[in-house]
S.K.: 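Just passing along the structure, written as structure tokens.
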Amino acid sequence: MAAVNREFWAPRAWVGGRWREQVRLAAGANGCWAAIDCGVAPPPGAERLAGDVLPALVDAHSHAFQRAFVGLSERRDSAHDDFWSWRDRMYGVALKLRPEQLRAVAAHLYAELLAGGYSQVCEFHYLHHDLDGRPYADPAEMSQALADAAQDAGIGLTLLPVLYERAGFQAEALRADQRRFATTPRQVLAIADTLRGRPGVTVGAAVHSLRAARPASIAELAAACDGPLHVHVAEQTAEVDDCLAATGCRPIEWLARHAGLDARWQLVHATHATPEEIEAVAASGAGVVICPATEADLGDGLCDLPRWLDAGVPLAVGSDSQVVRAWPEELRWLEWGQRLLHRRRNVAAAPGVEPASAARLFERLRAGGGTAAGFERWGLEVGARADLVELDPAEPALAGLPPSHRLDGLVFGAPAAPFKRTLVAGRWAAADRGAIRARFEAVMRDVWDGV
């Protein structure tokens, strides 16, 4: 057993998929939970928490630089506006940010994510090169800026440098406005190796999408990647149609047949999936990352959540384009979207197994998020990193609820993030939020010009 470095005691904690009373949580010197005991009095010297505690979740899909675009795309000046027109406008921000500016934007975002109940973020990172598209002297400079930002805020980072080769299935190269994204498998692996071993950073890799990477390059990257491997897939119906025309397969079908899917793989969005594709993903052990707020904001559509849940596929949640930066709101819209689609309530619940929609979603996203970030264990369990979020005991939205329904109230009836503070690796996150915000606002004044 690891030596205890710090002890906490909570009136209630979410342990083993349910609320437990009077919980001692002991963090080891390695930043992981050394012991968790329920139904015990506060030990001498333990830090007594006033609020109930939950495992912090993993934000399994983030584009940090897009935080600088939030609120700047909510107007339409032409006859049509969709994901693809949003993407073209978003590139305007991507072509502006220098490393120090990316650090400022990401630090502000990461501080918001901590306040929103996350303690780890998976950064799907494709903004690699200088403004003119030439590599920096250090090809990992933009990745280092993200790691610096995570350190500034106090959040854990899973860096996923992205393979990005072409503008579409029939294109030979990238468009001019995608010039900062260009990478080969070797470059992706080199960036990951540069960050490997940095404190607070886990590394993996990503494929931007099937349309943006050649099959041989996907195979080369997958063969060499020894961490989590993420890919955008089946987010838009136009992408599905283009993939069918180019390959004869739907995107998820192609991955299942040709990519050697296994537990490393995380399929981001997977919005438009057939029952057969869901069965194939379940058989492979791969996971799915759903980004409810972004998928709503961009008009992507709604996934087949009941079938993903019933198939036992590992699930995680992501903030993606950053329009929402708190997991309770993401869970709320994950369930509410299904209620609108199916015109019934508590779609995610499993009567006889787990009748609470919030609890079933939370537990699936807790476990799946840890895997997506590259961790074997995640949550309030021995051996997992010593992370948690403490609920604000003064939060009026939770007042009067019986303890058994507190998670239900948090997801479906509370503000987006009624948390008091977040613990990461046995330490309370304590960034200088004022200084971080001031740097972000300075960057935003530059971003406004021409957007």
Side-chain angles (χ1 to χ4, degrees), residues 61-97 105 124 126-127 131 133 162 164-181 208-213 231-247 250-252 268-274 290-305 318-325 329-330 332-334 336-343 444-451:
H61 187 67
S62 166
H63 304 298
F65 80 91
Q66 292 181 18
R67 178 64 183 87
F69 195 45
V70 174
L72 297 177
S73 66
E74 305 307 322
R75 300 180 182 186
R76 177 166 62 89
D77 297 316
S78 59
H80 187 72
D81 191 17
D82 60 10
F83 169 88
W84 306 101
S85 54
W86 171 89
R87 186 190 70 162
D88 291 345
R89 296 197 301 274
M90 177 269 292
Y91 285 165
V93 172
L95 292 173
K96 282 179 172 285
L97 296 176
V105 170
F124 195 105
Y126 55 82
L127 191 57
L131 304 187
V162 173
Y164 209 141
E165 296 180 306
R166 60 187 185 182
F169 285 104
Q170 305 304 326
E172 291 298 319
L174 294 170
R175 297 174 2 181
D177 56 3
Q178 298 171 318
R179 59 185 177 271
R180 301 190 72 183
F181 312 158
H208 181 272
S209 55
L210 295 186
R211 68 178 183 274
V231 59
H232 289 136
V233 66
E235 180 179 4
Q236 287 281 321
T237 54
E239 173 197 348
V240 176
D241 294 342
D242 288 349
C243 190
L244 270 169
T247 71
R250 296 168 57 88
I252 299 174
V268 180
H269 302 302
T271 306
H272 304 286
T274 65
I290 306 173
C291 307
T294 292
E295 290 153 8
D297 182 64
L298 299 181
D300 292 344
L302 293 165
C303 70
D304 191 346
L305 180 63
S319 64
D320 196 356
S321 68
Q322 318 306 342
V323 291
V324 165
R325 299 170 295 282
E329 190 168 353
E330 296 285 3
R332 185 178 310 148
W333 280 106
L334 182 55
W336 280 359
Q338 298 296 313
R339 294 184 188 190
L340 289 168
L341 177 66
H342 297 288
R343 290 176 288 177
M444 287 300 293
R445 286 191 288 273
D446 180 58
V447 167
W448 293 341
D449 182 29
V451 175

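Sequential numbering from 1 along the given sequence is applied to the chain's residues. Worth saying up front: this structure is predicted, and the values here are computed from it rather than measured. When reading the values below, keep in mind they use all heavy atoms of this one structure, side chains included, and skip hydrogens, waters and symmetry mates.
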S.K.: Considering residues at least two apart in sequence or located in another chain, which fulfil the ring-ring contact (aromatic ring centres under 6.0 Å, His included) criterion with H208?
M.R.: Y126, Y164, H232
S.K.: Any salt bridge (Lys or Arg N to Asp or Glu O under 4.0 Å) involving residues 63-78? Give me the pairs, sequence neighbours left out, ordered by first then second residue.
M.R.: R67-E112
S.K.: Residues two or more places apart in sequence or in another chain: which of them pass side chain to side chain donor-acceptor pair (under 3.5 Å) with R339?
M.R.: E335, N346
S.K.: Any side-chain heavy-atom pair from V70 and S321 closer than 4.5 angstrom?
M.R.: no
S.K.: Determine the interplanar angle of the W333 and W336 rings, folded into 0 to 90°, and report it as parallel if under 30°, tilted if 30 to 60°, perpendicular if over 60°.
M.R.: perpendicular
S.K.: Main chain of L174, side chain of R166: is a donor-acceptor contact present, judged purely on distance under 3.5 Å?
M.R.: no
S.K.: Between the main-chain N or O of C243 and the side-chain N or O of T247, is there a donor-acceptor pair closer than 3.5 Å?
M.R.: yes
S.K.: Do Q322 and S62 have side-chain heavy atoms sitting under 4.5 Å apart?
M.R.: yes
S.K.: Partners of D304 by salt bridge (Lys or Arg N to Asp or Glu O under 4.0 Å), sequence neighbours excluded?
M.R.: R307
S.K.: Going by heavy atoms in the side chains, are L95 and L131 under 4.5 Å from each other?
M.R.: no
S.K.: Please name the pair of heavy atoms, one in E330 and one in P292, separated by the smallest distance, quoted to 0.1 Å.
M.R.: OE1-CD, 3.2 Å
S.K.: Heavy-atom count around W86 CH2 within 6.0 Å, excluding the residue itself: above 12?
M.R.: yes
S.K.: List the steps, then state whether side chain to side chain contact (heavy atoms under 4.5 Å, CB included) holds for T274 with R250.
M.R.: CA-CA 9 Å; T274 65; R250 296 168 57 88; 3.4 Å; yes
S.K.: Could you tell me which non-hydrogen atom of C303 sits nearest to which non-hydrogen atom of A270, and how far apart they are?
M.R.: CB-O, 4.4 Å
S.K.: When you measure from the side chain of Q236 to the backbone of A234, do you find a donor-acceptor pair of N or O atoms at a distance under 3.5 Å?
M.R.: no
S.K.: Using a 4.5 Å cut-off on heavy atoms from C-beta on, say whether the side chain of D320 contacts that of H63.
M.R.: yes
S.K.: Would you name the heavy atoms of M444 and A68 that are closest together and state the gap between them?
M.R.: CE-O, 3.3 Å
S.K.: Of all heavy-atom pairs between E239 and F169, which one has the smallest distance, and what is that distance?
M.R.: O-CE1, 4.4 Å
S.K.: Which pair of heavy atoms, one from Q178 and one from A167, lies closest together, and at what distance?
M.R.: OE1-CB, 3.4 Å
S.K.: Could you grab the distance from atom CG of D88 to atom CZ of R175, nearest 0.5 Å is fine?
M.R.: 4.5 Å
S.K.: Run the numbers on Q66 and T294 for side chain to side chain contact (heavy atoms under 4.5 Å, CB included), then give the verdict.
M.R.: CA-CA 11 Å; Q66 292 181 18; T294 292; over 6 Å; no
S.K.: List for me each residue that meets side chain to side chain donor-acceptor pair (under 3.5 Å) alongside E295, sequence neighbours excluded, and say none if there are none.
M.R.: H269
S.K.: So, for L302 and Q338, which heavy atoms are closest and what is the spacing to 0.1 Å?
M.R.: CB-NE2, 4.3 Å
S.K.: As an exercise, state the distance from CG of D81 to CG of L298, rounded to the nearest 0.5 Å.
M.R.: 9.5 Å
S.K.: Look up atom CG in D300 and atom CD1 in I290, then write down how far apart they are to the nearest 0.5 Å.
M.R.: 12.0 Å
S.K.: ring-ring contact (aromatic ring centres under 6.0 Å, His included) with Y91: which residues, sequence neighbours excluded?
M.R.: F181
S.K.: Tell me whether R87 is salt-bridged to D177, with the criterion being a basic N under 4.0 Å from an acidic carboxylate O.
M.R.: no
S.K.: A side-chain contact here means heavy atoms from C-beta on lying under 4.5 Å apart; do F69 and V447 qualify?
M.R.: no
